[in-house]
Amino acid sequence: MMKNLYEVFDEFEHAKTTQDKIAILRNNATYALKNVLEGTFSPNITFCFKKIPDYKPSDAPIGLGYSSIHQELGRVYLFQENNPKVNPNLSHKRKEEILIQILESLEAKEAKIYADMLMKKQHVKGLTLAVVKQAFPDLIKA
């Protein structure tokens, strides 16, 4: 069964050594994890938000969120600067509305990871660009 990203990050934080941390990332190398890490750490990806708009965190029980980060990462391109797939008529206000809908549909912990990715900073102890590059050498292209 696929773990939620916050479960992977909790396990990562409790690992004792860098090698254990790398192994946890590699053992959980899902589409979502790799995309969150790339979005967070790649200098080639920039997002159009300077701050996350106010939203109401979901109170859904764990595992029963309306959506999942795995599903919602398919729309993250909407928030990337200069992404050619984004309609040039899509206003910043509309992007905020879409982001709020996404964040409110996710479990609260997943919404925080998604928002942190957009802010280019995951609040996970020990999760650095260097560790990500060791775990996935081809993921971050500088």
Side-chain angles (χ1 to χ4, degrees), residues 1-87 90-142:
M1 183 171 162
M2 188 168 31
K3 295 178 186 173
N4 288 318
L5 290 188
Y6 58 83
E7 293 173 310
V8 174
F9 288 161
D10 285 348
E11 190 179 333
F12 179 92
E13 284 189 326
H14 288 95
K16 300 286 187 228
T17 68
T18 300
Q19 289 308 327
D20 290 343
K21 292 176 185 297
I22 291 168
I24 289 165
L25 294 178
R26 287 181 179 160
N27 291 336
N28 294 282
T30 61
Y31 164 84
L33 177 66
K34 286 182 155 188
N35 276 271
V36 165
L37 294 175
E38 183 180 24
T40 302
F41 292 106
S42 176
N44 298 325
I45 297 174
T46 55
F47 297 104
C48 62
F49 295 103
K50 301 300 175 227
K51 74 178 221 48
I52 298 299
D54 291 334
Y55 68 97
K56 182 179 180 268
S58 172
D59 58 0
I62 291 175
L64 297 176
Y66 176 74
S67 189
S68 75
I69 201 164
H70 297 269
Q71 293 170 302
E72 297 302 341
L73 280 167
R75 298 195 291 173
V76 76
Y77 75 92
L78 293 170
F79 313 123
Q80 291 177 351
E81 295 281 355
N82 305 314
N83 188 310
K85 294 193 292 186
V86 178
N87 183 329
L90 185 63
S91 70
H92 189 75
K93 179 166 178 34
R94 182 63 185 130
K95 288 178 184 180
E96 279 189 2
E97 292 167 351
I98 294 168
L99 178 59
I100 290 168
Q101 290 171 347
I102 288 172
L103 294 175
E104 289 181 350
S105 74
L106 296 172
E107 290 178 30
K109 288 181 178 182
E110 284 198 330
K112 180 170 179 0
I113 291 169
Y114 196 101
D116 286 350
M117 174 188 61
L118 297 178
M119 295 292 98
K120 307 290 282 180
K121 176 73 174 143
Q122 288 299 326
H123 299 279
V124 179
K125 186 176 153 209
L127 186 61
T128 64
L129 176 58
V131 171
V132 171
K133 280 184 169 184
Q134 284 183 287
F136 306 112
D138 298 330
L139 184 65
I140 309 295
K141 292 146 185 77

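For the atom pair CG of Leu25 and CG of Leu33, the computed distance is 6.0 Å after rounding to the nearest 0.5 Å. Atom CG in Leu106 sits 9.5 Å away from atom CD1 in Ile113 (nearest 0.5 Å). Here the CD1-CD distance, from Ile102 to Gln71, works out to 11.0 Å after rounding to the nearest 0.5 Å. Between atom SG of residue Cys48 and atom CG of residue Leu118 there is a gap of 8.0 Å, rounded to the nearest 0.5 Å. Here the CD1-CG distance, from Ile22 to Asn27, works out to 11.5 Å after rounding to the nearest 0.5 Å. Rounded to the nearest 0.5 angstrom, Tyr6 OH and Glu107 CD are separated by 4.0 Å.
Formation of a donor-acceptor pair under 3.5 Å by the Lys21 side chain with backbone atoms of Phe12 is found in this model. A distance-only check finds no donor-acceptor pair linking the side chain of Lys120 to the backbone of Phe47 [under 3.5 Å]. Of the possible donor and acceptor atoms, one in the side chain of Asn83 sits under 3.5 Å from a partner among the backbone N and O of Lys85. Between the side chain of Glu11 and the main chain of Val8, no donor-acceptor pair closer than 3.5 Å is present.
Taking all atoms of both residues into account, the shortest heavy-atom contact from Leu5 to Thr30 is CD2-OG1, 4.4 Å. In terms of heavy atoms, Gln134 sits closest to Thr18 at OE1-CG2, 3.8 Å. The two residues Ile69 and Glu110 come nearest to each other via the heavy atoms N-OE1, 3.1 Å. Pairing each heavy atom of Lys112 with each of His123, the nearest pair is NZ-CD2, 3.3 Å. Here the closest non-hydrogen pair linking Ala32 and His70 is CB-ND1, 3.2 Å. Nearest heavy-atom pair across Leu139 and Lys34 is CD2-O, 3.7 Å.
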Practice item. Step by step, work out the side-chain contact (heavy atoms from CB on, under 4.5 Å) result for Lys121 and Asp116. Key: CA-CA 5 Å; Lys121 176 73 174 143; Asp116 286 350; 5.8 Å; no
Exercise for review: For the pair Val86 and Gln80, evaluate side-chain contact (heavy atoms from CB on, under 4.5 Å) and give the outcome as yes or no after the intermediate values.
Suggested key: CA-CA 8 Å; Val86 178; Gln80 291 177 351; 6.0 Å; no
Review point. Given the rule in the side-chain contact (heavy atoms from CB on, under 4.5 Å) test, do Gln122 and Val36 qualify, once you have shown the distances and angles that lead to the verdict?
Key: CA-CA 9 Å; Gln122 288 299 326; Val36 165; 3.7 Å; yes
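A salt bridge links Glu97 to Arg94: one of the charged nitrogens lies within less than 4.0 Å of a carboxylate oxygen.
Residues Leu103 and Ile52 meet the side-chain proximity criterion, which asks for heavy atoms closer than 4.5 Å. Looking only at side-chain heavy atoms (C-beta outward), Leu127 and Phe41 come within less than 4.5 Å of each other.
Every residue two or more places apart in sequence or in another chain that forms a salt bridge (charged side-chain N to carboxylate O under 4.0 Å, His left out) with Glu72 is listed here: Arg75.
Atom CG of Asp54 sits in a sparse spot, with 12 or fewer heavy atoms from other residues, nucleotides or ligands closer than 6.0 Å. Summarising the local packing, NZ of Lys125 is surrounded by 12 or fewer heavy atoms from other residues, nucleotides or ligands at distances under 6.0 Å.
Ring orientation note: the planes of Phe79 and Tyr114 are nearly perpendicular, at an angle over 60° on the 30°/60° scale.
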